[in-house]
Amino acid sequence: MKRIFPLLMLAVFALAACGPERGTHQEGTPTGYIVGNVTVTNGDGEGIDYQKQNVKAELTLIDEQNSKYNIILYKVNFSSKMPVNIDMTIPGVDISAQGQISGDSIVPYAGLLGEYPKYTIRNLSGRVIFKEDGKPAAIYFDMLCGKYPTNYNGLYKEVEEQETQQDN
């Protein structure tokens with residue numbers, strides 16, 4: 001057991017290093033914590049298959065790429081048959097200065113499990129809505145997650161400095 005544990009730890013760190021660039025919060029950009037709902041439809045236009053409420057999300061600016069962001073959905077699942085919640089990152093999303101969200105053919109990551117090409121994000125579009133003071137107020141986006149039409153609608157949450165440190 002003493003020999004296996006270091007090897008397991010090495011594997012965990014190697015997998016973590018393979019994930020997308022984390023990104024940072026920066027003043028004047030639509031970054032921050034969001035709370036909202038994920039809705040997955042069955043694709044036949046007849047209704048909702050699944051809805052997960054109160055999903056915390058985070059939008060982070062990727063360093064040195066002014067219009068590229070990561071969207072991270074925390075403790076989310078996309079079906080009542082999905083046995084666990086995951087942290088899913090949609091890396092390299094384009095967000096314009098006007099708040100237009102776009103992306104296509106983006107392979108998401110799920111925590112330490114790595115890439116999920118089966119659920120490649122296609123036709124990602126949406127918007128960050130800003131308040132009068134220029135701070136983000138809400139976000140919504142639609143996408144195909146694999147073959148499943150999925151959307152997220154959320155409101156930005158004011159985050160205390162202490163809360164931000166606890167999350168890291």
Side-chain angles (χ1 to χ4, degrees), residues 11-26 28-130 136-156:
V12 166
F13 287 121
L15 286 173
C18 295
E21 187 174 348
R22 174 78 176 123
T24 58
H25 293 284
Q26 291 194 7
T29 64
T31 58
Y33 292 96
I34 309 145
V35 177
N37 301 327
V38 171
T39 303
V40 180
T41 57
N42 58 17
D44 65 7
E46 294 188 20
I48 296 172
D49 269 348
Y50 184 75
Q51 186 172 59
K52 172 84 172 178
Q53 297 180 341
N54 297 315
V55 174
K56 182 179 175 185
E58 183 179 10
L59 197 61
T60 58
L61 178 66
I62 299 174
D63 292 329
E64 301 176 30
Q65 295 181 27
N66 293 329
S67 67
K68 297 282 188 183
Y69 293 79
N70 289 335
I71 297 174
I72 307 161
L73 301 173
Y74 292 101
K75 297 180 182 167
V76 67
N77 56 29
F78 299 94
S79 166
S80 59
K81 296 176 184 174
M82 194 172 165
V84 296
N85 293 328
I86 61 170
D87 294 342
M88 184 176 95
T89 300
I90 306 169
V93 174
D94 292 313
I95 301 179
S96 72
Q98 296 76 32
Q100 296 288 15
I101 299 170
S102 63
D104 196 36
S105 299
I106 301 171
V107 177
Y109 285 79
L112 296 176
L113 301 176
E115 293 183 329
Y116 270 86
K118 179 179 178 182
Y119 296 101
T120 296
I121 306 300
R122 300 195 195 300
N123 303 328
L124 176 65
S125 65
R127 186 162 180 82
V128 176
I129 300 169
F130 295 95
I139 184 173
Y140 66 89
F141 57 87
D142 297 305
M143 62 187 175
L144 284 175
C145 186
K147 63 180 181 177
Y148 303 101
T150 305
N151 70 46
Y152 181 84
N153 291 290
L155 299 175
Y156 277 81

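Along the sequence shown, the residues carry numbers beginning at 1. Bear in mind the structure is a predicted one, so any value in this text is a computation, not a measurement.
With sequence neighbours left out, Ser96 forms a side-chain hydrogen bond (donor to acceptor under 3.5 Å, both in side chains) with Gln98. Remark: Tyr156 engages no residue in a ring pair (Phe, Tyr, Trp, His ring centres under 6.0 Å) (not counting sequence neighbours).
Residue Asp104 is tested with Asn123, Thr120, Leu124, Leu144 for a side-chain contact (heavy atoms from CB on, under 4.5 Å); the sole match is Asn123. Among Thr41, Val40, Asn37, the one residue that satisfies the side-chain contact (heavy atoms from CB on, under 4.5 Å) test with Gln51 is Asn37.
Across all non-hydrogen atoms, the minimal contact from Ile62 to Gly92 is CD1-N, 3.8 Å. Nearest approach of Pro108 to Pro91, heavy atoms of both residues: CA-CD, 4.2 Å. Smallest separation of non-hydrogen atoms from Glu115 and Val107: CB-CG1, 3.8 Å. Between Asp142 and Asn151 the shortest heavy-atom distance is OD1-CB, 2.9 Å. What you find for Leu73 and Ala57 is that their closest heavy atoms are CD2-CB, 3.7 Å.
Atom CD1 in Ile106 sits 9.5 Å away from atom CG in Asn70 (nearest 0.5 Å). Atoms CD1 and OH, on Ile86 and Tyr109 in that order, are 14.0 Å from each other to the nearest 0.5 Å. Separating the CD1 atom in Ile101 from the CG atom in Leu59 is a distance of 7.0 Å, to the nearest 0.5 Å. From Thr150, atom OG1 reaches atom NZ of Lys52 across 14.5 Å, with rounding to the nearest 0.5 Å. Taken to the nearest 0.5 Å, the OH atom of Tyr33 stands 9.5 Å off from the OG1 atom of Thr60.
With contacts defined as side-chain heavy-atom distances shorter than 4.5 Å, the pair Cys145/Ile121 qualifies. Between Asn85 and Val76, every side-chain heavy-atom pair lies at or beyond the 4.5 Å cut-off. At least one side-chain heavy atom of Met88 sits less than 4.5 Å from a side-chain heavy atom of Phe78. A 4.5 Å side-chain heavy-atom check between Tyr152 and Ile71 finds every atom pair outside the cut-off. Counting only heavy atoms from C-beta outward, the side chains of Tyr140 and Ile129 approach each other to under 4.5 Å. In this structure the side chain of Ser105 reaches within 4.5 angstrom of the side chain of Arg122, judged on heavy atoms.
The environment of Tyr50 atom OH is dense: over 12 non-hydrogen atoms of other residues, nucleotides or ligands sit within 6.0 angstrom.
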Steps toward side chain to side chain contact (heavy atoms under 4.5 Å, CB included) verdict (Lys75, Asp87):
CA-CA 5 Å; Lys75 297 180 182 167; Asp87 294 342; 4.0 Å; yes
Run Lys68 and Asp94 through salt bridge (Lys or Arg N to Asp or Glu O under 4.0 Å) and show every step you take.
CA-CA 5 Å; Lys68 297 282 188 183; Asp94 292 313; 2.9 Å; yes
